[in-house]
Protein chains: 2
Amino acid sequence: MTGRPSNAASERLRQAGLRPTRQRLALAGLLFDGGDRHVTAETLHREAIGTHVRVSLATVYNALHQFTKAGLLREVVVDAGRAYFDTNTRHHHHFFVEHDGALSDIAAGGVEVSRLPAPPAGTEVERVDVVVRIRRRQG
Amino acid sequence: MTGRPSNAASERLRQAGLRPTRQRLALAGLLFDGGDRHVTAETLHREAIGTHVRVSLATVYNALHQFTKAGLLREVVVDAGRAYFDTNTRHHHHFFVEHDGALSDIAAGGVEVSRLPAPPAGTEVERVDVVVRIRRRQG
DNA sequence: TCCCTAATTAGAATAATTCTAATCTATTGA
DNA sequence: TCAATAGATTAGAATTATTCTAATTAGGGA
Ligand SMILES: [Mn+2]
Ligand SMILES: [Mn+2]
Ligand SMILES: [Zn+2]
Ligand SMILES: [Zn+2]
């Protein structure tokens, strides 16, 4: 018996057409085992290294894009120059603290964006993103 | 008489504490003489070169940031990896076509973002940005 | 016109990301 | 069980957007 690890994480990856490799399983563990979170390639890579998961930065980039394509993550654009990835793939919005790059969720439930004009002819709306840029109160 | 050019553009720059140099005047002309527009450093630089304005890319970056600090421009974040600058400094929102990077304005007038939760304790809202991501209709 | 300082610039440096091509590994079917 | 193979990982180079450095140029007050 080859003890093939056929747990939930493995299945989720297989479902996405991705082989459950050591690196992908470890990254998926970091991303999906706790609550929802926001990462960049750098923060996730540092976290992996800090947890003694040997994985290259290139593989972290690959995995983030593959997970995104598979619908396990979504990208959040709040900063020109750095891509954030979000394990919360439900429709929702964000608070963003420019000073330190901290992101936090705003459930889509309550928020209402009303009276938006129709999109230009020949186009359709893919997503409406609300980013509330906040800063520490002057102190 | 030294024919010192003391026109509107010069005055606007002086007001901002910026010397009205040949480069800044030319860039201000491209940016502010027509209607509102959205540029990146690259597009503005290419446009300057195409109009026979000799200016370096570094100076374009400098000018965009200086104009922004002076309140003549504002930055729009819609794409991780590329900074857009907007000559419309009034409060407003955007349609963004990811495919080709095209940005268009949505007047803030009609749009209403309601029932946003209060920002985290100790922080204050700086700005609320709505980005409507659109794509060409499938065809 | 002289002088000082601000501004411009080419090119190097940096930062985020992607690419390349060599190596490794998960999976499969003999 | 084990080779074969296609997919995955990786180091390092390459690319892209942006900033920095240090040398040169030019605006503007006196
Ligand atoms: Mn991307
Ligand atoms: Mn960058
Ligand atoms: Zn989120
Ligand atoms: Zn705009």
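A note on names: the letters A, B, ... follow the listed sequences, proteins ahead of strands, and every chain is numbered from 1.
Rounded to whole angstrom, the span from the CZ atom of Arg54(B) across to the C1' atom of dA7(C) amounts to 15 Å. If you measure from atom CG of Leu44(A) to atom C1' of dA16(C), you get 15 Å, rounded to the nearest angstrom. Rounded to an integer number of Å, the gap from CG of Asp79(B) to P of dT16(D) is 15 Å. One interatomic measurement links the two molecules: CG of Asn62(A) to C1' of dT17(C), which rounds to 11 Å at whole-angstrom precision. One interatomic measurement links the two molecules: NE2 of His45(A) to C1' of dA11(D), which rounds to 12 Å at whole-angstrom precision. Distance Leu64(A) CG to dA16(C) P: 14 Å, rounded to the nearest Å. Note: CG (Leu18(A)) to C1' (dT27(C)) measures 15 Å, nearest angstrom. Here the P atom of nucleotide dT8(C) and the CD1 atom of Ile49(B) are 14 Å apart, to the nearest Å.
Nearest nucleotide to the Tyr61(A) side chain, out of dT9(D), dT18(D), dA16(C): dA16(C). Of the candidates dA7(C), dA6(D), dG12(D), the closest approach to any side-chain atom of Arg19(A) belongs to dA6(D). Comparing dG28(D), dG27(D), dT9(C) by their closest approach to the side chain of Arg14(B) singles out dG28(D).
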Start with the C-alpha gap between Tyr61(B) and His45(B), add the side-chain angles, then the distance that decides, and say whether ring pair (Phe, Tyr, Trp, His ring centres under 6.0 Å) holds. CA-CA 9 Å; Tyr61(B) 273 105; His45(B) 183 239; 9.1 Å; no
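When side chains are defined from C-beta on, Val77(B) does not count as touching Asp129(B), because their heavy atoms never get closer than 4.5 Å.
A close approach under 4.0 Å does occur between a side-chain nitrogen or oxygen of Arg24(A) and OP1 or OP2 of dT9(D). At dT10(D), one or more side-chain N or O atoms of Gln23(A) fall inside 4.0 Å of OP1 or OP2 (strictly under the cut-off). Here Thr59(A) does not reach the OP1 or OP2 of dA8(D): none of its side-chain N or O atoms lies under 4.0 Å away.
No side-chain N or O of Asn88(A) forms a donor-acceptor pair with one of His38(A) less than 3.5 Å apart.
Toward the 5′ end of DNA chain D lies the nearest nucleotide of Gly17(A), the other residue of the pair Gly17(A) and Arg22(B) mapping further downstream. Comparing Leu57(A) and Ala63(B) by the nucleotide of DNA chain C whose heavy atom lies nearest to each, the residue mapping closer to the 5' end is Ala63(B).
Between Phe85(B) and His65(B), the ring planes are perpendicular. Angles over 60° get that label, and only those under 30° would be called parallel.
If you check every strand for non-hydrogen atoms under 4.0 Å, Ala83(B) touches sugar and phosphate atoms only. Backbone-only contact: Arg82(A) has heavy atoms under 4.0 Å from sugar-phosphate atoms and none from a base. If you check every strand for non-hydrogen atoms under 4.0 Å, His65(B) touches sugar and phosphate atoms only.
Salt-bridge annotation for Glu126(B) and Arg133(A): absent, with no side-chain N of the basic residue lying under 4.0 Å from a carboxylate O of the acidic one.
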